[in-house]
Amino acid sequence: MSSSFPSSSSPAPRPYWLLAAVCLAAIGMPLSFTGPAVALPAIHAALGGSPVQLNWVTNAFMLSFGGTLMAAGALADACGRKRVFVLGLLLILLGSLFAVCAPGIVWFDLARAAQGLGAAAAFAAGTAALAQVFDGAARTRAFSLIGTSFGAGLASGALLAGWLGERFGWQAVMWSPALVSLAALAIAAACMRESRNPQAVGLDVPGTLSFTGALSLLTLGVLQAPDSGWGSPWVMGALAGAVLLGVVFVAIERRVAHPMLDLTLFRYPRFVGVQLLASAPAYAFVVLLVLLPIRFVGLEGRDVAETGRLMLALSGPILVVPTLAAWLAHRFPAGAISAVGLLVCAVGLYALGRCAPGAAPRELLLPLLLIGGGIGLPWGLMDGLAVGVVPRERAGMASGIFNTVRVAGEGIALALVGAALTALVGARLAHLPGVGSLASGSSAASQAAQQVTTGGLQQALTLLPGLDRAAVLQVYGDAFATLLLGLAAVTVLTAVVVFAFLRGEEQAQGAEAALNCPAS
């Protein structure tokens with residue numbers, strides 16, 4: 001039987017140490033994402049901020065992460081994967097220090113953006129470096145471990161953040177990813193070898209600027225819409241600018257000799273299917289990592305420890321289910337496994353929507369487990385599929401494209417889902433008897449909805465003096481149920497499309513063979 005890892009002809013310790021360093025970095029990234037969501041009420045109390053500024057606590061990280069992943073992958077291939085990996089980890093450390101010392105919410109948001117930049121560099125460079133030292137089944141095993149490590153960060157993130165926040169304050173929550181990154185940095189500096197793509201020509205600056213600008217304007221427009229209205233010149237200008245820069249980006253990538261994003265890859269169904277699969281966790285799972293802590297702590301008044309346990313039921317299955325997915329992949333097509341997982345996740349979303357605010361933990365347990373377990377099936381297959389459909393020397397680009405779709409999708413999904421929930425809550429509040437009679441009823445309802453969806457229940461009650469806590473929670477529960485029903489429907493549709501694009505090993509092998517042919 002062949003070994004699952006590289007043969008003894010490779011320098012024995014280095015692949016394993018490299019894998020350890022990248023896995024540690026993978027653990028630290030979800031800590032950077034989930035921790036501030038749990039600590040958001042404490043961060044708000046310490047640094048202040050409007051609802052839009054509080055939304056940027058999460059979105060600043062996601063936007064800078066997703067917007068620079070492809071550029072980071074190209075930069076790693078050209079300038080050296082070890083160099084970019086180490087610089088990324090250093091930037092995470094500096095961002096954490098800046099966040100802890102931030103004098104206000106705007107500076108805190110800027111620190112979160114710096115953390116996202118560092119995470120993009122570390123993740124893209126680390127996964128590209130792994131693809132150079134592992135082949136075949138060993139590569140699949142290595143990337144499965146990265147997925148498991150990321151899942152470990154998700155599973156422990158909320159619980160760890162809750163414990164750290166209660167014992168040591170929100171600053172300790174911000175230090176947790178920094179310490180993990182420091183451990184990864186120590187290993188990488190000592191044991192990681194430098195590698196490059198000899199054909200790489202450097203960073204596609206026009207493509208990077210146009211892509212990042214388009215993504216930034218899109219996120220900014222969606223986040224500002226609940227406050228200013230979708231028809232406001234500010235929002236419409238941002239969205240129009242996003243479309244324009246998106247068109248410019250496509251035009252640039254079609255003309256340059258060495259594009260950051262090779263658009264010809266999207267001709268192949270399997271590659272497209274992998275990108276669709278990458279976006280699915282964003283709206284079926286990741287948005288809940290932000291929305292549920294706000295609901296449980298900020299609105300329902302649960303303590304942080306109970307919230308951490310509930311979030312563990314949601315994210316905990318990612319620790320074990322990807323291993324099951326890898327075992328099933330030897331017996332069933334990846335498309336079928338992924339589609340079944342998404343359908344299970346959709347059932348969980350529907351069931352969670354039927355749980356009213358204040359429901360007992362035992363009522364929430366099964367829906368949360370279904371969502372986490374369902375999304376865990378494609379989660380265990382995505383990373384390996386992403387780098388398996390391109391030639392080895394283009395692993396940096398493949399990792400960058402896949403993770404850009406995944407993380408940019410998460411940032412956009414958070415903005416869109418947050419805006420949708422705010423709109424649903426605002427519409428329901430405006431039709432309540434005590435609100436409609438106010439002279440500024442519509443405006444007050446809109447402002448109160450923004451407060452509610454960021455956990456500011458008391459501020460919302462101040463804006464709507466005719467309502468009590470039970471009425472606002474009922475409105476929020478109805479809006480949340482409607483939102484989850486919509487997310488479940490989108491997840492079912494994604495399952496069908498992913499199955500169609502990834503079905504059958506014969507089609508997959510044909511697409512992979514085509515991708516490995518030199519471009520004309």
Rounded to the nearest 0.5 Å, the CG atom of L24 sits from the CE atom of M29 at a distance of 10.5 Å

The side chain to side chain contact (heavy atoms under 4.5 Å, CB included) partners of V100 (sequence neighbours excluded) come to Q171, M174, W175

**Asked** Any side-chain heavy-atom pair from I43 and V173 closer than 4.5 angstrom?
**Response** no

Q.
Run L370 and L352 through side chain to side chain contact (heavy atoms under 4.5 Å, CB included) and show every step you take.
A. CA-CA 10 Å; L370 286 173; L352 182 62; over 6 Å; no

Note: L245 and G213 closest approach over all heavy atoms is CD1-C, 3.6 Å

Do the side chains of Q115 and S64 get nearer than 4.5 Å, heavy atoms only? no

Of all heavy-atom pairs linking A238 and G221, the shortest is CB-CA, 3.9 Å

Compare all side-chain heavy atoms of L288 with those of L349 and state whether any distance is below 4.5 angstrom. yes

On a heavy-atom basis, the closest approach of S32 and P177 is OG-CB, 3.2 Å

**Message:** Within the structure provided, determine whether L93 and L185 are in side-chain contact (heavy-atom separation under 4.5 Å).
**Reply:** yes

In terms of heavy-atom contacts, L487 and V287 come closest through CD1-CG2, 4.2 Å

One pair to check against side chain to side chain contact (heavy atoms under 4.5 Å, CB included): F480 and L299. What are the steps and the verdict?
CA-CA 12 Å; F480 201 83; L299 300 181; over 6 Å; no

Taken to the nearest 0.5 Å, the spacing of F123 CZ from F85 CZ works out to 10.5 Å

Nearest heavy-atom approach of I318 to G372 is CG1-O, 4.3 Å

Rounding to 0.5 Å, atoms CG (L182) and CD1 (I187) come to a distance of 10.5 Å

| said: Could you check whether atom CZ of R302 has more than 12 heavy atoms from other residues, nucleotides or ligands sitting under 6.0 Å from it? | reply: yes

Between the CZ atom in F65 and the CG atom in L117, the distance rounded to the nearest 0.5 Å is 10.5 Å

Check your understanding: Hey, does the side chain of E194 reach the backbone of R83 with a donor-acceptor pair shorter than 3.5 angstrom?
Key -> yes

Exercise for the section: Would you check if L291 and R295 make a side-chain contact, meaning some heavy-atom pair closer than 4.5 Å? Expected result: no

Does P317 reach the side chain of L369, with side-chain heavy atoms less than 4.5 Å apart? yes

ask   = Relative to each other, are the rings of W163 and F168 parallel, tilted or perpendicular (30° and 60° limits)?
value = perpendicular

Separation between CZ (R309) and CG (L365), nearest 0.5 Å, reads 12.0 Å

Tightest non-hydrogen contact, residues R112 and A60, listed as CB-CB, 4.1 Å

In this structure, NE2 of H44 is separated from CD of Q459 (nearest 0.5 Å) by 6.0 Å

List the steps and the verdict of side chain to side chain contact (heavy atoms under 4.5 Å, CB included) for L314 and F285.
-> CA-CA 8 Å; L314 174 67; F285 173 74; 3.7 Å; yes

Open item on the list: So L244 and L217, do their side chains get closer than 4.5 Å, heavy atoms only?
Closed with: no

A42 meets the side chain to side chain contact (heavy atoms under 4.5 Å, CB included) criterion, sequence neighbours left out, with W170

Review point. Below 4.5 Å, heavy atoms only, C-beta onward: do L342 and I375 meet side chain to side chain?
Key: yes

